[in-house]
Amino acid sequence: MGVLSRRRSLLIKLVVIVSTAWFTIAFLLYSEDRSRPALALSLQNSLGNREARELVDDNAIDPINPFKNDDSEEKEKAYLPPPKKEEDNRVLLPPQSMAGEMGKPVVLPTNLSAEVKKMVDDGWLKNAFNQYVSDMISVHRSLPDPRDEWCKKPNRYLPDLPATSVIICFHNEAWSILLRTVHSVLDRSPSRLITEVILVDDFSDMSHLKQQLEDYWKNEPKVKIVRAKKREGLIRARLLGARHASGPVLTYLDSHCECTNGWLEPLLDRIAQDSTTVVCPVIDVIDDTTLEYHWRDSSGVNVGGFDWNLQFNWHAVPEREKSKHQNSAEPVWSPTMAGGLFSIDKNFFEKLGTYDSGFDIWGGENLELSFKTWMCGGTLEIVPCSHVGHIFRKRSPYKWRSGVNVLRRNSVRLAEVWLDEYAKYYYQRIGNDKGDYGDVSGRRELRNKLKCKSFKWYLDNIYPELFVPGDAVANGEVANGDRDYCLDSACKPEDMHKPVGLWPCHSQGGNQYWMYSKTGEIRRDESCLDYSGQEVILYPCHGSKGNQYWDYNQETKLVRHGSSDKCLAINESKTKLVMEQCNSELTRQRWTLENYDHSKRIK
Ligand code: UD2
Ligand code: MN
C-alpha cells in the first residue's frame, strides 16, 4: 500500500515536471506559430517519439467540450494564450489541441475565470464572432467531407482545368480566422490549380495584419499581400485584387471561410466548359459561437434571392429548378442571385466591368453582379459538389462611413442602372428619398454597349417567384381612421410569429410599406398578416388561404378577415391591433390602403 502510493506520487510529480517542461517548450516554439503538426513533430524530436505521442494523447481535448472533466487550474491555464508582448496580437494555442477537429463545435465552459472571460468578450467585441474559440483551433483543422457520393467519382472533371487566383479581401480580420481561410485554400486545392492567393488588406489597423502577416507568409510564394492606401471598402478592394491577379480565373472568398475537400475542381470545371458561367459554391455555415462546421447534403441547398428593399436573402431551390436538373449528370442550380463567394473567368469579369460600379464599403455588389451576369449573356450557377464554409455574423464589426447612408447609395446606383421601370418599387420602400448617388452615366453606357436584356426579362425568366408590387391591388401604407396610425413592422426572420405593430404614419415606406395582393394578402416580401384567433401576427406567406385572407371594402373601409369573419381594428388606447365584430360605424375599424386600384382585384 505504502509503496504503491509513493509510486503514484512519484508518477504524478513526473507528469507535472514533464508537462511543465513541455508547455514551456511548446510556447517557445509556438511563437513561430506555423502549424500544429510541425510543432508536434519538433516535440517528438526533443522528447522522443513515445513520450510526445503519449503526452499529446493524454492531453487531448474533447472536441465537443474542451474543458470537460477539467477542474485543475493548471490545465485551464494551458488554454490561455502566453503573455502578450507589446504590439503583438497573436493569440497562441496549446499545440496539442484537438479542439474543433472534423469541424466539431468547441464549447467553452461556463465557469471561466474572470481573465479568460474578458478575453472571450473582447474577441466578440472586435470581430462579432467567437475569436477566442477560433484561436483554440488549429489553422489546419480537419473538416468533414460534405459532398454527396456522386461528387467523389474519379475523372468527373476535365483533365486540364484552368488555374485560379484566389482573392481574399479583409478589413481588420482576426489572425487565426484569416490564416485558417488561407490554409484551407492551400491545403485542399491541387497546387497546380492555384496561381496565387491574393490577400487584399483594406487598410486594416490591427497590428497582427502588418509585418507579422508578411513574416508569416514569407516562405509561401503563392501568397501575395496587396495593401490599399486608404479604406476602399470591399468592392474596390476586390477590384484592386483583380488588378494584381495573373490567373485566368478569379475566385473570391471572404476572410473567414474554410474550403472543404474538392471544393475547387467542380467550380473550375464549369468555367472551363463555358467561360460565361459564374459559379458559386454551396455556402455552409460555420457557427459564430462554437465554430462548428454545419452542412447538409445537396437536397437542402439554399439559393440566393432578393427583395424590393434590394436586400440579399436566401430561399429554397424552387421546384422548377429541381425538376429541371433531376436527370442531369452535373446537377447545378441556377440561382437568381450569387452569394459573395464565387469564381469567374477573368476576361468575362473585365468585360462585365465587375466591381467598377462606384459602390462604397459594403453591399449591393452581389445583386449587381447577378443582374449583370444574367442580363448580359452569362449564366449563374451553384455547384452542389463544391462546399465552402463561412462565418455568418449577426452584426458588422467594423466602422462604416459616417454621415453617408452607404447601403442606400449603393442600392440607388444599382436601381438606376439595372432596374428599369421597376426601380420605383425600391424607391417606394425608401420613401422616395434617393439622396446623392453620384453619376451613373458610365454604367448605363456599359449596359448599352453590352446589349443587355431588360429587367423585365430577368424577372420573367430568372426570378418568376418574386412578388412584383405592380401586381398588387394596393401598395404603401395601411392607415387607420384619419391616418393617425399605420401598420408598422419589420419583416426580418426574427419578426415572424410576432404581433404586427402600430405607429404614427410617417410616409417614408420602410416598415409601413405593405402590399395588398390580388389574392387578398396584406404582405411585404414573403411576410403576410396572419390571424388564427389570438393576435394579428406576421407569418411567412402560404398562398392566401384562411388565416391570411383579408377582404378590403373600399366603401365601408373595413378589412374583413377570411377564416374568422372579424374585422381589423385598433384598440381604444391605440397601442395594438385587435380583431372585432365588424361594424363600419367605428372609426377604429376603418382603414385606407394607399394606391388602392379596385380594377386589379380578382373577382
Ligand atoms: C456577404 C458576402 C460577401 C459580400 C458581402 C457584401 C457571403 C458568404 N458573403 O458578406 O462576400 O458579398 O455580403 O455584399 O456571401 N471587407 C473589406 N472592407 C470593408 C468591409 C468588408 O475588405 O470595408 C471584407 C471583410 O473583411 C470580408 C468581406 O469584405 O472578408 C465581406 O464582408 P463581411 O464578411 O463583413 O460581410 P458578409 O459576410 O455579410
Ligand atoms: Mn463574411
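Counting starts at 1 for both ligands and their atoms, following the listed order. Positions are given from 1 along the sequence.
Here's the thing with Gly364: none of its N/O atoms is less than 3.5 angstrom from an N/O atom of ligand 1. At least one N or O atom of Arg238 sits closer than 3.5 Å to an N or O atom of ligand 1. At least one N or O atom of Gly340 sits closer than 3.5 Å to an N or O atom of ligand 1.
Side chain of Arg524 to main chain of Ser489: a donor-acceptor pair is present (N/O by atom type, distance under 3.5 Å, no hydrogens or angles).
Distance from atom 33 (P) of ligand 1 to its nearest protein heavy atom, with residue and atom name: Tyr398 OH, 3.2 Å. The nearest protein atom to atom 24 (C) of ligand 1, hydrogens excluded, is given as Cys169 O, 3.8 Å; this is a heavy-atom distance. For atom 13 (O) of ligand 1, the closest heavy atom belonging to the protein is Trp362 CZ2, 3.5 Å.
At a cut-off of 3.5 Å, with distance as the only test, a side-chain donor of Ser165 or Glu196 sits close to an acceptor on the other residue. No side-chain donor from either of Trp362 and Ser396 sits under 3.5 Å from a side-chain acceptor of the other. For the 3.5 Å distance criterion, the side chains of Tyr293 and Asp284 qualify, holding a donor opposite an acceptor. In this structure, a donor-acceptor pair under 3.5 Å is absent between the side chains of Thr195 and Ser246.
Look at Ser396 and you'll find every heavy atom at least 4.0 Å from all atoms of ligand 1.
Salt bridge status for Arg447 with Asp420: present, with a side-chain N to carboxylate O gap under 4.0 Å. A salt bridge links Asp433 with Arg408; the closest basic N to acidic carboxylate O contact falls under 4.0 Å.
Atoms of ligand 1 found under 4.0 Å from any heavy atom of Ile361, numbered from 1 in the order shown, are 19 (C), 20 (C), 23 (O). In the vicinity of His390, heavy-atom distances shorter than 4.0 Å reach the ligand 1 atoms 8 (C), 38 (O). Near Phe170, meaning under 4.0 Å from any of its heavy atoms, are these atoms of ligand 1: 22 (O), 26 (O). Close approach to Arg231 involves these atoms of ligand 1, each under 4.0 Å from a residue heavy atom: 19 (C), 23 (O). Less than 4.0 angstrom separates some heavy atom of Asn366 from each of these atoms of ligand 1: 12 (O), 13 (O), 14 (O). Against a heavy-atom cut-off of under 4.0 Å, Glu365 is close to the following atoms of ligand 1: 4 (C), 5 (C), 6 (C), 12 (O), 14 (O). Near Asp202, meaning under 4.0 Å from one of its heavy atoms, ligand 1 places the atoms 17 (C), 18 (N), 19 (C), 22 (O), 23 (O).
Of all the heavy atoms of Glu232, none lies under 4.0 Å from any atom of ligand 1, so neither backbone nor side chain is involved. Neither the backbone nor the side chain of Tyr252 has a heavy atom within less than 4.0 Å of ligand 1. When heavy-atom distances to ligand 1 are checked against a 4.0 Å cut-off, His171 comes that close through both its backbone and its side chain. By the criterion of a heavy-atom distance under 4.0 Å, both the backbone and the side chain of Leu234 are placed next to ligand 1. When heavy-atom distances to ligand 1 are checked against a 4.0 Å cut-off, Lys399 has no atom that comes that close, whether in backbone or side chain.
Here the Mn ion (ligand 2) is the vertex; the NE2 atom in His256 and the OD2 atom in Asp254 give an angle of 110° (to 10°).
For the Mn ion (ligand 2), the set of nearby N, O or S atoms under 2.8 Å includes one belonging to His390.
In this structure, Arg236 is not positioned above the aromatic face of Tyr355 in the sense of NZ or CZ being under 6.0 Å from the six-membered ring centre and within 45° of the axis.
The aromatic ring centres of Tyr458 and Phe371 sit less than 6.0 Å apart. For Tyr216 and His183, the ring centers sit closer than 6.0 Å to each other.
Side chains of Ile286 and Glu258 form a contact here, defined as non-hydrogen atoms less than 4.5 Å apart. A heavy-atom distance below 4.5 Å is found between the side chains of Arg443 and Glu368.
Here atom 3 (C) of ligand 1 lies nearest to Asp254 when heavy atoms of Asp254, Val406, Val285 are compared.
The shortest non-hydrogen separation linking Asn172 to Asp205 is OD1-N, 2.8 Å.
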